[in-house]
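In what follows, a structure is listed as structure tokens, so that the remarks can point back to it.
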Amino acid sequence: MPAVASLRVAIVGSGPAAFFTAEPLLGRTDYAVTVDMFERLPAPFGLVRFGVAPDHQKIKSVTRSFDKVARRPGFRFFGNVDVGTHVTLDELRRHYHVVCFATGAQTDRRLGIPGEDLARSHPATEFVAWYNGHPDFRDIVFDLSVKRVAVIGVGNVAVDVARILSRTPAELACTDIADYAEAALAASGIREVYLLGRRGPVQAAFTTPEVRELGELAGADVVVPAEDVALDPLSRAALAAADDRALEKKVEVLQEFSTRQRSGKPRTLTLRFLVSPVEMRADDAGGVRALRLVRNRLEDDGRGGTRAVPTDRTEELPVDLVFRSVGYRGTPIPGLPFDERAGTVPHDRGRVVAGGAPMPGVYVSGWIKRGPSGVIGTNKPDAAETVESILADAAAGRLPTPSSPEAEAIARLVRTRQPQAVGYDDWLRIDAAEVTRGAACGRPRVKCTTLVEYLAAART
Ligand code: NAP
């Protein structure tokens, strides 16, 4: 039998896009594939662990299939290792045939309005990372003593943030929310939460099950002004043309919300549409005290879509805390080209393209490739496309030959640069310690949130 050629792959990042890239590669029989996954944090799974809301445990169960991938022969995990700090792209290229970046979108998009950087105005992405126990965000202080809060944007992240702010302590107690966030939210003084969409219900980015859940909160009445969910002719036409049952259902859910009477729950969660914030107004101490909103109307954008156009109607919405939830944004990766406008790395079917030509052996997968859109499963076909390009390049002899291909050589280099690297066995001990701590208090897990805690749990 002819010897199978070896294919050494480094994947940077360990979220869904990383695992969906690793899985089909490790399943090949025509190559002896080894995958080394490099992760900046001391735990794998990226946004599944640090982005998916703690009260959405079912979605998090996808990590079971990632765990199966990680236990396959040929897989290694290098956690707490930052590519760019502990090991460079050039070094990875010397050790692997393939380097694939699946680093996601690390920051938030900006609104570009006056007052955006006032105290108590935060990117929603930071709040999400905070309540999920992300070590880099655990020390941010959010002033939850205030009464009124606005979440700008109507995507699923905005819905997550509004829902977590509206949950009762009992609803959060059975989740894996970070301990400190659970305590802060239990002491929260928030009574009114506003979700603000610049276009109408038909154009809202959130999905139907997520918005329906807002009507089932134990401690918050959902409120929707009837005027905001009455469809204009453009929206009616778009809804009819879409012929999409889920979209029709979403509009029905919102219209049903608009008929509800308040039942006297301690909080209200108000969904508004066709309003854009144009300014954040400050109190004397430099914190947010209000949002100036402009009423929008919808206009055909000439590209088959609908855009919001400001009218001359304005209002002031008194709020003391703001979460800007208008999308994630990718950040440049040292050594790779970057499309500033899109916030992504330019590529051709996953092959990184620099100066009009593919960079041999360098690929992208997931949000850093296509932008921050879609659900976890969307990363599967996205990763499959990248894998197809990798295999086509391998078959055509287009992959560079690493000068130092021994598996132990890179492991040695990493150990020298980062003695506190976390391997997959370490992660399994961390995971077991978290689950054990959770079982003692009826929760799925109690998360480690500092490096010290992670390293201690890895040693248990
Ligand atoms: P998103 O779905 O792209 O939503 C962004 C929202 O921000 C949209 O409502 C958008 O309105 C609005 N927006 C953008 N610029 C604005 C501006 N200047 N002023 C006012 N509003 C503005 O992004 P996301 O919520 O961050 O979610 C990212 C991805 O993760 C999405 O694909 C989402 O579905 C997914 N996700 C899924 C779940 C889940 O399945 N449960 C949970 C969380 C996230 P326009 O539409 O008018 O641009």
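Since this is a predicted model, take the numbers as computed values, not measurements. Just follow the structure's listing: the first ligand is 1, and inside any ligand the first atom is 1.
- Under the 4.0 Å criterion applied to side-chain N and carboxylate O atoms, R349 and E388 are assigned as salt-bridge partners.
- Considering R110, E210, R329, Q203 only, the shortest heavy-atom separation from atom 39 (C) of ligand 1 involves E210.
- In this structure, R303 places its CZ atom where only 12 or fewer heavy-atom neighbours from other residues, nucleotides or ligands lie under 6.0 Å away.
- The shortest N or O to N or O distance between T207 and ligand 1 is not below 3.5 Å.
- Within the listing of ligand 1, atoms 26 (O) sit less than 4.0 angstrom from a heavy atom of Y328.
- Checked for salt-bridge contact, R245 and E252 meet the test: a charged N lies under 4.0 Å from a carboxylate O.
- Every atom of ligand 1 is numbered from 1 in the order shown, and the set under 4.0 Å from a heavy atom of L111 is 17 (C), 18 (N), 19 (N).
- In this structure, F66 CZ and I376 CD1 are separated by 6.5 Å, a value rounded to the nearest 0.5 Å.
- One side chain, E213 or H56, offers a donor N or O that lies under 3.5 Å from an acceptor on the other.
- Scanning the protein heavy atoms around atom 4 (O) of ligand 1, the nearest turns out to be G155 CA, 3.5 Å.
- No heavy atom of G197 sits closer than 4.0 Å to any atom of ligand 1.
- Taking every non-hydrogen atom of S325 and a distance limit under 4.0 Å, the qualifying atoms of ligand 1 come out as 6 (C), 7 (O).
- The environment of K60 atom NZ is dense: over 12 non-hydrogen atoms of other residues, nucleotides or ligands sit within 6.0 angstrom.
- For the pair S276 and ligand 1, no heavy-atom separation below 4.0 Å is found.
- Proximity to P372 (heavy-atom distance under 4.0 Å) selects the following atoms of ligand 1: 28 (C), 29 (C).
- Ligand 1 has an N or O atom lying under 3.5 Å from an N or O atom of N156, backbone or side chain.
- In this structure, D232 does not pair ionically with R236, as no charged nitrogen and carboxylate oxygen lie closer than 4.0 Å.
- Using a 4.0 Å cut-off to heavy atoms of A205, the atoms of ligand 1 that qualify are 2 (O), 4 (O).
- Summarising the contacts of atom 48 (O) of ligand 1 with R324, R198, R163, the nearest heavy atom is found in R198.
- Because its NZ or CZ atom is both nearer than 6.0 Å to the ring centre of F50 and within 45° of the ring axis, K447 counts as a cation-pi partner of that residue.
- Within the structure, the closest approach of R109 to ligand 1 falls below 4.0 Å when heavy atoms are considered.
- Atom 10 (C) of ligand 1 is not flagged as protein-proximal [any protein heavy atom, distance under 4.0 Å].
- The N/O atoms of G374, backbone and side chain alike, include one that comes under 3.5 Å of an N/O atom in ligand 1.
- The R199 neighbourhood of ligand 1 comprises atoms 45 (P), 46 (O), 47 (O), with distances under 4.0 Å to a heavy atom of that residue.
- Ligand 1 has no nitrogen or oxygen under 3.5 angstrom from a nitrogen or oxygen of S373.
- Taking the centre of each ring, F127 and F142 come in below the 6.0 Å mark.
- Classification of E192 and K147 as a salt-bridged pair fails, no side-chain N sitting under 4.0 Å from a carboxylate O.
- Put simply, the side chain of T125 does not reach to within 4.5 Å of the side chain of T107, judged on heavy atoms.
- Under the 4.0 angstrom criterion, atom 32 (O) of ligand 1 counts as having a protein heavy-atom contact.
- Inclusion of V154 in the set of residues having an N or O under 3.5 Å from an N or O of ligand 1 is warranted.
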